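Ligands are counted one by one from 1 in listed order, and the atoms in each one are counted from 1 as well. Note that the structure is a prediction, hence the values are computed from the model and not measured.
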Amino acid sequence: MTVHPAERTTTGAAEILERQRSRESSARTYARSFPIVPARAEGMWVEGTDGRRYLDCLSGAGTLALGHNHPVVREAIQRTLDSGAPLHVLDLATPEKDRFTDALFATLPRGFADRARVHFCGPAGTDAVEAAFKLMQTATGRRGLLSFGGAYHGMTAGALAASGGVATRTPVPGIAADVTRFPYPYPYRCPFGVGGEQGARLSSTYIQRQLDDPNGGIVQPAAMILEAVQGEGGVVPAPDDWLREVRRITAQRDIPLIVDEVQTGVGRTGAFWAVEHSGIVPDAMVMSKAIGGSLPLAVLVYHQDYDGWLPGAHTGTFRGNTLAMAAGAATLEYVAGQGLVERAATVGALMTARLEALRTALPAIGDVRGRGLMLGVELVDPEAEPDACGARPADPQTAVQVRAACLERGLIVELGGRYDATVRLLPPLIISDEEVEAVLDRLTDAIATVTALRSPGASA
Ligand code: PMP
């Protein structure tokens with residue numbers, strides 16, 4: 001018999017977890033890996049209903065630039081609630097939207113802001129990706145798209161088609177009909193088997209030659225989409241030179257370049273937008289996650305020359321979330337005004353160096369990479385033979401155990417990347433020095449314990 005929530009006497013974590021497990025879709029995701037029931041959160045800390053506290057290095061999959069419930073965000077939400085402003089306004093003009101747009105445009109890369117248009121999308125990154133494709137298809141009258149292996153752009157049809165995940169695309173036949181995928185530079189698991197800068201050079205040469213080959217099979221596409229740092233693909237940063245080459249190649253061939261900044265935006269990589277590292281100016285940028293200050297918001301920003309789509313071309317009911325605009329504006333202003341971008345760069349470099357230094361003692365760490373506070377630690381089988389680039393086989397089993405061992409130690413980290421063997425760290429930009437130490441200590445101890453138990457001579 002179903003018990004009405006109001007009549008329940010038990011609200012213990014175990015009961016809640018079990019009820020949700022039995023009633024939710026089998027496609028549920030994070031709830032599988034993290035059997036916790038968050039009740040309170042502040043900054044980097046999350047507290048479960050059972051009183052256990054965790055350092056959150058997942059941050060809503062990179063959403064929480066200011067951590068949980070930052071005072072600036074709470075104040076913006078509270079002020080908006082107290083003002084009596086309508087919370088739902090479709091896409092009508094509001095003071096909150098005005099302030100958000102001001103704050104957003106103030107952050108845009110130079111050379112982009114002065115000729116940019118913004119489109120407010122349904123509140124998920126994937127909808128802004130769909131909007132970007134539709135915009136460029138409308139503007140160019142072309143259909144095909146160029147994307148990259150390892151990419152992640154979302155779960156709706158177009159975004160999924162442009163993504164690299166084979167497991168998520170396999171059950172949806174025909175979905176990738178109009179997408180040409182190029183190899184993304186990934187030194188550790190180089191798609192050309194050479195690694196380093198040479199691998200990146202081969203990637204750009206290959207793109208250029210394929211596009212120019214009259215028998216290469218690529219019909220002039222509507223756009224190319226890429227991430228400047230692949231997030232879900234395993235925290236793989238593209239070299240700046242490669243990005244500049246790709247920008248040159250696409251511009252010369254009249255192919256609009258869409259940069260997906262859903263995860264890399266708002267200071268995460270040590271620049272406000274990740275494109276700023278290379279200085280490229282894209283034709284469109286897709287943004288979500290951190291721009292809403294922890295509430296749902298997604299936008300497409302693009303060069304006004306492409307603004308030829310019709311009124312209502314990408315409509316949607318939830319494109320005017322007043323609270324998200326207020327929380328988002330406050331977040332953008334705070335990140336820009338408080339030096340948090342620079343802090344992400346400094347703290348990220350320090351954490352990378354510390355993790356890198358662990359590789360000798362912990363040979364299961366195959367590769368450490370990232371940019372700013374978007375870090376990845378790829379776990380490998382240290383006993384196996386390395387390939388031509390020096391990479392050993394990924395070890396997803398160890399990675400799952402490390403994630404669980406981190407949770408036991410009060411640290412939330414998620415996995416990603418090829419074979420799901422990369423531990424991803426996405427701490428908030430407000431992480432303190434003490435929290436950095438605690439994250440590194442817990443992660444080191446988790447990897448050391450799991451790999452000691454798994455090593456051949458270990459007595460389990
Ligand atoms: N693009 C990138 C780069 C992402 O990381 C994500 C989400 N992880 C998306 C798009 C999709 O965003 P959403 O989950 O909000 O649809």
Item checked: Residue list, ring-ring contact (aromatic ring centres under 6.0 Å, His included) with H303, at least two apart or on another chain -> none

Next item on the list: With sequence neighbours excluded, tell me which residues meet ring-ring contact (aromatic ring centres under 6.0 Å, His included) with H70.
Entry: Y334

Identify all N/O pairs between ligand 1 and the protein with a separation under 3.5 Å and present them as a table of atom names and distances.
{"residue": "ligand 1", "atom": "1 (N)", "partner": "Y152", "partner atom": "O", "Å": "3.4"}
{"residue": "ligand 1", "atom": "1 (N)", "partner": "D260", "partner atom": "OD1", "Å": "3.2"}
{"residue": "ligand 1", "atom": "1 (N)", "partner": "D260", "partner atom": "OD2", "Å": "2.6"}
{"residue": "ligand 1", "atom": "5 (O)", "partner": "Q263", "partner atom": "NE2", "Å": "2.8"}
{"residue": "ligand 1", "atom": "8 (N)", "partner": "E232", "partner atom": "OE2", "Å": "3.2"}
{"residue": "ligand 1", "atom": "8 (N)", "partner": "K289", "partner atom": "NZ", "Å": "3.0"}
{"residue": "ligand 1", "atom": "15 (O)", "partner": "G125", "partner atom": "N", "Å": "2.8"}
{"residue": "ligand 1", "atom": "16 (O)", "partner": "G125", "partner atom": "N", "Å": "3.4"}
{"residue": "ligand 1", "atom": "16 (O)", "partner": "T126", "partner atom": "N", "Å": "2.9"}

Checklist line | Test item: side-chain donor near acceptor, Q220 and R143, under 3.5 Å | finding: no

Next item on the list: Please work out which of the three classes, parallel, tilted or perpendicular, describes the rings of F182 and F148, given edges at 30° and 60°.
Entry: tilted

Next item on the list: Could you name each residue pair satisfying side chain to side chain donor-acceptor pair (under 3.5 Å) that touches residues 335-352, not counting sequence neighbours?
Entry: R343-D433

Next item on the list: Could you walk me through whether W242 and Y184 pass the ring pair (Phe, Tyr, Trp, His ring centres under 6.0 Å) test, one step at a time?
Entry: CA-CA 10 Å; W242 179 86; Y184 192 86; 5.3 Å; yes

